[in-house]
Amino acid sequence: MVVVYVIRQKIRLFVLVVAAVLVLASGLWAFPPKYTESAHGNTSYGVNRVSGVSVGNCRHCHEQHKTDSGPYPYALFDDPVGTDWLCLDCHTEGKVENRSYSYRAGGYVLDSVNDIEEMFNLTSHHKLSDILSFIDDKWGFSDQYSSPCVACHDPHYAQKDRKTSSSRGWMLRLPSKHGSIAGSDRLWGDESGERLSSYAGSKQYQAPYRYGSTSYYEPDGSTTTDGSNLTDMNTFCLSCHSSDMSSYGLSHTPIDWSESSGDKHGLYPADGSANLKAPYSDSNTGNYVLACTDCHEPHGSSNIFLIRKEINGSSLTVTSFTGRNMGVICRKCHIDDQAAGFGDDRANHWRYVHHCNDAPFWGKCTDCHSEWSSGRGICDASYNGTATLKWDCDYCHYHGGEDPIRNAGKTF
Amino acid sequence: MSGVSKVFWGIFLSLFISFCVKAKVSGPCANCHTMHNYQGGELVSANGTRPFLLKDSCAGCHTNSSGSEVIVTMGEVTKVPIVNTASEPLTSLAGGNFYWVREQGDRKGHNCLSIPGISEDQTLTEAPGKPTSASGTSCAGCHDRISGCESCHSPHHHADDSAPVVGEEGGWYRFLNSSYHGTNSTGVKGIEDDDWEYTVSSSDHNEYNGCNNPYGNEDNSMSNYCAGCHQQFHGINYTDTDGNVVYDNQSPWFRHPTHLALPDDPDKEYYYYNNPGGSGPGSYNPLVPVARDPDELSTMTGPSSVVTPGKDQVMCLSCHRAHASPYDHLLRWDYDGWPGNGEANGCSVCHTAKD
């Protein structure tokens with residue numbers, strides 16, 4: 001009898017465990033994100049504008065009967081649109097400290113930028129008025145009432161994310177889920193199916209190194225490398241950037257990151273071979289997919305095109321794409337002549353990649369060069385002369401780029 | 001007990017209970033009135049005679065000058081609701097208790113100057129949100145300072161308030177009509193709880209008249225009665241930069257909506273009133289009461305625990321108590337202390353996705 005009882009108990013426990021797994025696997029989210037778990041609702045570091053009121057209280061943002069000025073949409077204390085940009089009333093110098101993605105995810109603590117408003121005034125940045133214009137009449141937003149910040153962040157649920165393995169939070173919400181009260185729609189990235197590892201599918205996401213390290217990885221300084229700790233930024237960013245945004249000065253949109261027709265840095269399989277820097281592996285060329293935030297800041301950067309100040313473990317400065325300037329980005333993950341030990345080992349020179357192992361252009365020199373010294377093989381390491389280039393890097397390499405010279409396929 | 005006896009006792013008890021708890025006073029006239037202000041060799045009212053031969057003022061009868069009890073008995077059966085206690089009440093009646101504004105400051109309640117111990121508000125010089133039309137000197141007694149109870153209440157203690165819904169015939173719900181310029185459309189209609197919500201539950205509470213017209217100021221509704229002094233707290237016609245006029249009966253709200261129905265939309269958090277995470281609205285929560293659609297209220301015979309989105313409305317008293325409360329802004333819960341206080345937030349009864 002005792003044996004039968006024990007077996008029954010074990011069966012019961014097994015059934016309970018299986019049931020629990022099925023419930024979780026079914027996507028039911030029994031404990032949806034709460035306001036009091038958000039960065040704004042936290043009782044110690046939450047919103048705190050009005051004295052004498054609990055930190056995290058609604059009143060710091062909403063004034064139910066405002067009569068002294070305004071009133072403003074959603075009973076907010078200031079105008080969420082126009083020149084006021086309510087969110088920046090607090091997310092400004094000396095009030096709320098926010099750091100760049102390079103600082104938090106990349107561990108680049110040398111980045112002195114420390115507030116959101118400052119980020120939106122850097123060399124390149126998401127232009128709030130453009131965001132507002134783009135989301136107008138989409139997903140329930142209005143350029144009359146909506147804060148452009150809310151396109152990406154739901155102020156009632158966005159969580160603080162220190163991006164250390166012991167202090168994570170999820171701060172984004174898909175713009176298409178704006179206004180939904182469903183628990184699973186309140187944040188993006190908080191569920192396992194909303195991570196880069198899930199986006200990669202059969203492909204591989206490889207987390208870049210953190211600044212100065214070859215042992216720890218973005219975004220949280222842990223040893224996790226498969227993107228299971230990174231919000232699926234690609235799906236998120238493509239909510240908007242899969243559209244034609246040329247009217248906003250983004251001539252290389254829509255961004256296509258798809259497996260069937262997209263960029264090689266996305267899900268589309270890279271062709272040929274590549275010479276990569278660690279932690280990326282040549283043997284896995286063609287199987288990688290990158291996250292948008294591997295290269296781009298979300299708010300702004302002192303580099304152009306919101307290029308991060310730190311990529312794959314080291315810093316960079318890029319203020320134009322003329323000449324070979326764009327190469328300072330590429331060389332964070334691709335080997336240049338210096339990394340290849342090719343020729344005279346010049347940094348940000350790309351003879352090896354373009355003429356040797358990964359050379360796509362075995363052809364006429366005049367396709368790319370206006371002048372050169374003759375009598376040398378195309379992959380001659382002893383050649384240290386100068387061959388004047390006809391084109392800047394971005395003649396071929398840009399989002400959506402295709403080989404404009406030989407029609408040899410994708411170039412980005 | 002025979003069937004006839006059951007009917008007899010049933011009728012008797014119904015009449016007795018009604019006799020005890022309705023606002024219409026009963027009992028000896030001398031409970032409230034004095035013919036000569038002189039009884040047993042002493043003045044009845046040391047401060048002199050009063051209108052209607054009354055022995056005391058409103059505050060005099062509705063104050064408990066020695067304790068914290070909020071219902072006292074006058075004579076043998078007449079229950080008197082107390083709105084001003086000597087010491088802090090353990091529970092307040094639906095309208096709150098002036099104890100808190102008297103003892104804890106202006107932010108706790110209405111500064112009704114006829115209540116002993118209450119002085120003028122040190123911050124506000126007029127009703128916040130005061131109607132622009134209420135600017136004359138004759139308006140000041142209510143719209144700048146609340147000179148007395150009759151700013152809001154027009155006593156009709158002898159009116160027949162036996163109907164389920166108390167309106168004009170019953171002297172208005174809780175006598176809510178100004179003594180100074182009340183009309184038959186400014187008075188408030190409602191169902192009066194037997195013990196002023198001393199005991200209260202989802203099925204034991206007052207019922208308040210809602211509004212058919214969010215712009216009306218005179219529709220016998222609770223919220224628009226409050227708007228008589230606080231008109232600009234709610235409702236604007238806002239012209240956006242595209243030139244579109246945005247009315248105050250739709251999102252986005254510029255001030256917290258009032259006298260408008262909870263949306264009958266399962267995709268909105270308000271649909272799940274008092275039932276966050278549930279599949280439909282919960283039961284009436286007397287901490288955050290709703291007003292009833294006027295057409296619905298007129299057919300009601302007593303309080304209901306059912307809340308119906310699309311009909312039942314948020315109103316001023318959904319958040320505030322009329323007289324005073326332990327909390328700033330006369331709120332019904334410790335709003336300013338939340339979330340630090342770890343208590344439930346009354347806001348989340350409607351804002352069910354913002355807990």
Side-chain angles (χ1 to χ4, degrees), chain A residues 29-38 40-44 46-48 50-68 70-76 79-82 132 136-137 140-147 154-157 179-183 185-186, chain B residues 107 126-130 226 230-236 238-244 246 248 250-258 265-272 276-277 314 316 318-320 328-329 331 334-348 351-355:
Chain A
W29 195 245
F31 304 104
K34 300 170 67 174
Y35 171 71
T36 47
E37 297 167 347
S38 74
H40 286 155
N42 186 279
T43 55
S44 57
V47 284
N48 191 15
V50 182
S51 62
V53 177
S54 171
V55 175
N57 187 273
C58 320
R59 195 174 153 206
H60 295 296
C61 296
H62 299 281
E63 295 188 0
Q64 287 78 356
H65 306 298
K66 188 171 181 61
T67 56
D68 58 342
Y72 301 109
Y74 308 105
L76 291 162
D79 199 343
V81 298
L132 194 60
D136 183 35
D137 288 335
F141 293 106
S142 162
D143 66 356
Q144 297 293 326
Y145 317 118
S146 302
S147 164
D154 188 309
H156 297 115
Y157 304 114
S180 170
I181 61 172
D185 291 345
R186 296 178 185 180
Chain B
R107 298 170 69 87
E126 62 180 28
K130 186 176 81 167
C226 302
H230 303 290
Q231 184 187 47
Q232 296 179 63
F233 267 6
H234 301 280
I236 59 159
Y238 174 83
T239 303
D240 68 23
T241 54
D242 287 343
N244 302 311
V246 180
D248 67 349
Q250 63 187 41
S251 180
W253 305 104
F254 285 70
R255 298 188 179 105
H256 195 287
T258 190
D265 181 354
D267 290 334
K268 303 290 186 186
E269 61 180 332
Y270 321 101
Y271 182 84
Y272 304 94
V314 62
C316 304
S318 296
C319 304
H320 301 280
D328 284 359
H329 324 296
L331 285 164
D334 183 14
Y335 170 69
D336 282 358
W338 185 85
N341 58 17
E343 299 175 1
N345 181 18
C347 302
S348 64
H351 295 274
T352 56
K354 307 286 191 324
D355 57 343

J.: Please report the closest heavy-atom contact between A/Tyr35 and B/Lys354, naming both atoms and the distance.
T.: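 Of all heavy-atom pairs spanning A/Tyr35 and B/Lys354, the closest is CB-O, 3.7 Å.
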
J.: Taking the side chain as every heavy atom from C-beta outward, state whether B/Trp338 and A/Ser54 have any pair of such atoms under 4.5 Å apart.
T.: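 No, too far: nothing below the 4.5 Å cut-off.
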
J.: Given side chains that start at C-beta, do those of B/Tyr271 and A/Ile181 come closer than 4.5 Å, heavy atoms only?
T.: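 Counting from C-beta outward, B/Tyr271 and A/Ile181 never come under 4.5 Å.
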
J.: About how many Å separate SG of B/Cys347 and CD of A/Gln64, when rounded to the nearest 0.5 Å?
T.: 7.0 Å

J.: Where on B/Asp355 is there a heavy atom nearer than 4.5 Å to chain A: the side chain, the backbone, both, or neither?
T.: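 Both backbone and side chain of B/Asp355 come within 4.5 Å of chain A.
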
J.: Tell me, for B/Pro276 versus chain A, whether the close heavy atoms (under 4.5 Å) come from the side chain, the backbone, both or neither.
T.: neither

J.: Is it the backbone or the side chain of B/Tyr272 that comes under 4.5 Å from a heavy atom of chain A, or both, or neither?
T.: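 Only the side chain of B/Tyr272 comes within 4.5 Å of chain A.
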
J.: Identify which part of A/Tyr74 has an atom lying under 4.5 Å from any heavy atom of chain B, answering side chain, backbone, both or neither.
T.: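 The answer is both parts of A/Tyr74.
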
J.: Picking from A/Glu37, A/Arg186, A/His156, which has the most non-hydrogen pairs under 4.5 angstrom with chain B?
T.: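 Counting heavy-atom pairs under 4.5 Å, the top option is A/His156.
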
J.: Parallel, tilted or perpendicular for A/His65 and B/Phe233, by the 30°/60° rule?
T.: parallel

J.: So which of A/Cys58, A/Gly52, A/Ser146, A/Ser142 has the largest heavy-atom pair count under 4.5 angstrom toward chain B?
T.: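 Ranked by contacts with chain B, first place is A/Cys58.
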
J.: Please look at B/Asp334 and chain A and tell me whether the side chain, the backbone, both or neither of the residue comes under 4.5 angstrom of a heavy atom of that chain.
T.: neither

J.: If you look at every heavy atom in B/Pro339 and A/Gly56, which pair is closest and at what distance?
T.: CD-C, 3.6 Å

J.: Side-chain contact, heavy-atom cut-off 4.5 Å: B/Arg255 with A/Tyr72?
T.: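 Not in contact.
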
J.: Is any side-chain heavy atom of B/Phe254 closer than 4.5 Å to a side-chain heavy atom of A/Tyr145?
T.: yes

J.: To the nearest 0.5 angstrom, please state how far the NZ atom of B/Lys268 sits from the OG atom of A/Ser180.
T.: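 Atom-to-atom, B/Lys268:NZ and A/Ser180:OG are 10.0 Å apart.
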
J.: Answer whether the closest heavy-atom distance between the side chains of A/Arg59 and B/His329 falls below 4.5 Å.
T.: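 A side-chain contact under 4.5 Å exists here.
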
J.: Taking every heavy-atom pair that is under 4.5 Å apart, which of A/Asn57, A/Val50, A/Val81 has the most such pairs with chain B?
T.: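 The candidate making the most pairs under 4.5 Å is A/Asn57.
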
J.: Please list, chain by chain and in numerical order, all residues satisfying side chain to side chain donor-acceptor pair (under 3.5 Å) with B/Asp328, sequence neighbours excluded.
T.: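 Side chain to side chain donor-acceptor pair (under 3.5 Å) check on B/Asp328 returns B/Arg107, B/Lys108.
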
